2 protein chains.
Amino acid sequence: MSDDLDTVFAALADPTRRAILAMLLEDDMAVTDVAEPFDMSLAAISKHLSILARAGLISRERRGRVTWCKLEPDALRAASVWMQGFGQFDRLDFDAFERFLERELGVPANDAE
Amino acid sequence: MSDDLDTVFAALADPTRRAILAMLLEDDMAVTDVAEPFDMSLAAISKHLSILARAGLISRERRGRVTWCKLEPDALRAASVWMQGFGQFDRLDFDAFERFLERELGVPANDAE
DNA sequence: GGCATGTTCAACCTTTCGGTTGAGCTTCCC
DNA sequence: GGGAAGCTCAACCGAAAGGTTGAACATGCC
C-alpha cells in the first residue's frame, strides 16, 4: 500500500509537525509541553500529534494523566529509502541537519549534547 | 524559508506525483506520455506537473509543441538531509528502492539498463 | 468528594487539494 | 490557410486540511 508513504510525506509537509518532530528529537515530551511554544490551541496540537502518530512518526503513551510523546524515527526509513533512489545523496550530515533545523524551522538545534 | 520543505513534502505526499517521478527516473517524457498510464484527465496531470515543478522536483522545457519533463533530483537533497537527521539511515539501497517502486507505486522498476 | 490538570472529542468554519469539463493558444503538417 | 496535436487556463465541485471553541472525560491532589 502506498498509504504508508502518503501519510508520512503528508505529515512532514506541515512546518508545525516538522518542528514538533525536531523538538522530540531532543527528548520525549508531554502533549502540553509540546504545545507550549506554538501560537495555537492545545486541540490543534493534539490533532497534529494524531497525524504524526497515524503516520507512525511518533508514539504516545499515557502515564497517569500525562500523555508522553516519543519520536519513532523508523517510520522515516521507508520514505528515506524512496527519496535516496532519486538523488544518490550523501550520508548523514549532522552539521547540515542542524543548520536546517535553525534556518528552516526556527527551532534551535541542540548544540550541547 | 520552510516553504521549500513544505512544497517538496507536499508534492511527495501524492501517489500520482510519486509515480510520475518514478517514471521520469527512467527518462525525460512529454506531458502526454506522462499522462498516458493514468486514469485521469490531461489537465489533472498538468496540474500535478505544475506542483512538482513548483517544488523544484522537475523542470519543463518546451520544444516545439511538446513539453518535456525532466527529473530534478537536487530538490530532494534538502528534504533528504532533513529526514536523515532523525534516523541514521542506511546509504542508498537500490534493491530496497526498486522493491518500493513496484510494491508501493505499481510502477515497474527499470531492471534493464 | 471536589476541584484543578491534562488531553481528546465534536461541531463548525475557511482554505486548499484533487479532480472534472470546456475553451483557448501554439505549433506542426498538408 | 486550416485542421489536428499538445498542452494550459478558468470555472466549478466535493472532500480533506488546519484551525477555532466548548464540552467531556480521566486522573491526581487536598
Side-chain angles (χ1 to χ4, degrees), chain A residues 1-21 23-24 27-71 105-106, chain B residues 1-24 27-70 105-106:
Chain A
M1 310 102 206
S2 89
D3 274 76
D4 226 39
L5 283 176
D6 281 15
T7 54
V8 169
F9 281 129
L12 295 177
D14 186 278
T16 300
R17 288 193 290 263
R18 287 198 306 276
I20 290 173
L21 291 177
M23 290 163 60
L24 292 177
D27 224 334
D28 297 358
M29 295 179 81
V31 173
T32 305
D33 295 334
V34 169
E36 198 268 333
F38 297 100
D39 188 23
M40 192 180 303
S41 72
L42 191 61
I45 296 294
S46 182
K47 277 193 192 179
H48 280 304
L49 291 172
S50 295
I51 290 167
L52 289 170
R54 198 156 40 81
L57 291 164
I58 67 166
S59 56
R60 283 181 292 184
E61 188 194 348
R62 182 148 185 173
R63 280 205 286 272
R65 59 182 164 180
V66 175
T67 302
W68 291 90
C69 304
K70 184 177 183 311
L71 188 66
L105 306 176
Chain B
M1 313 99 206
S2 90
D3 274 77
D4 227 40
L5 283 177
D6 282 15
T7 55
V8 170
F9 281 128
L12 295 178
D14 185 278
T16 301
R17 288 192 291 264
R18 287 199 306 276
I20 290 173
L21 291 177
M23 291 163 59
L24 291 177
D27 224 333
D28 297 359
M29 294 179 82
V31 173
T32 304
D33 295 334
V34 169
E36 197 268 333
F38 297 100
D39 187 23
M40 192 180 302
S41 71
L42 191 61
I45 297 294
S46 182
K47 276 193 190 178
H48 281 305
L49 291 171
S50 295
I51 290 168
L52 289 169
R54 199 156 38 83
L57 291 164
I58 67 167
S59 57
R60 283 180 293 183
E61 187 194 347
R62 181 150 185 172
R63 280 205 287 274
R65 58 184 163 179
V66 175
T67 301
W68 291 92
C69 303
K70 184 178 184 310
L105 305 177

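Letters A, B, ... mirror the listed sequences (proteins, then strands); counts begin at 1. All values reported here derive from a predicted model rather than from experimental measurement.
The interatomic distance linking A/Leu49 (CG) with C/dG6 (P) rounds to 15 Å, in whole Å. In this structure, the CD1 atom of B/Ile45 is 14 Å from the C1' atom of D/dG6, given to the nearest Å. The distance from atom CD of B/Glu36 to atom C1' of D/dA5 is 16 Å, rounded to the nearest whole Å. Separating the CG atom of A/Leu12 from the P atom of D/dG18 is a distance of 12 Å, rounded to the nearest angstrom.
In this structure B/Ala10 satisfies the side chain to side chain contact (heavy atoms under 4.5 Å, CB included) test together with A/Ala13, sequence neighbours excluded. For B/Asp33, the side chain to side chain contact (heavy atoms under 4.5 Å, CB included) partners two or more places apart in sequence, or in a different chain, are B/Met29, B/Ala30.
Looking at B/Leu57 and B/Leu24, their side chains never come closer than 4.5 Å, going by heavy atoms from C-beta outward. Looking at A/Phe9 and B/Arg17, their side chains never come closer than 4.5 Å, going by heavy atoms from C-beta outward. When side chains are defined from C-beta on, A/Cys69 counts as touching A/Val31, because their heavy atoms get closer than 4.5 Å.
OP1 or OP2 of D/dC7 lies within a sub-4.0 Å distance of a side-chain N or O belonging to B/Thr32.
Every pair tested for side-chain hydrogen bond (donor to acceptor under 3.5 Å, both in side chains) that includes a residue from residues 34-43 of chain A fails, sequence neighbours excluded, so the list is empty. The stretch residues 57-66 of chain B participates, sequence neighbours left out, in these side-chain hydrogen bond (donor to acceptor under 3.5 Å, both in side chains) pairs: B/Ser50-B/Arg60, B/Ser59-B/Glu72, B/Glu61-B/Arg63.
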Exercise. Let me have a per-nucleotide readout for nucleotides 16-22 of chain C, 5' to 3', with B, S or -, counting only protein heavy atoms under 4.0 Å.
Key: --SBBB-

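For residues 55-71 of chain A, proximity to DNA chain C is found at A/Arg60, A/Arg65, A/Val66, A/Thr67, defined as any non-hydrogen atom under 4.0 angstrom from a strand atom.
Of all non-hydrogen atoms in A/Ala55 and A/Thr7, the two that sit nearest each other are CB-O, 3.6 Å.
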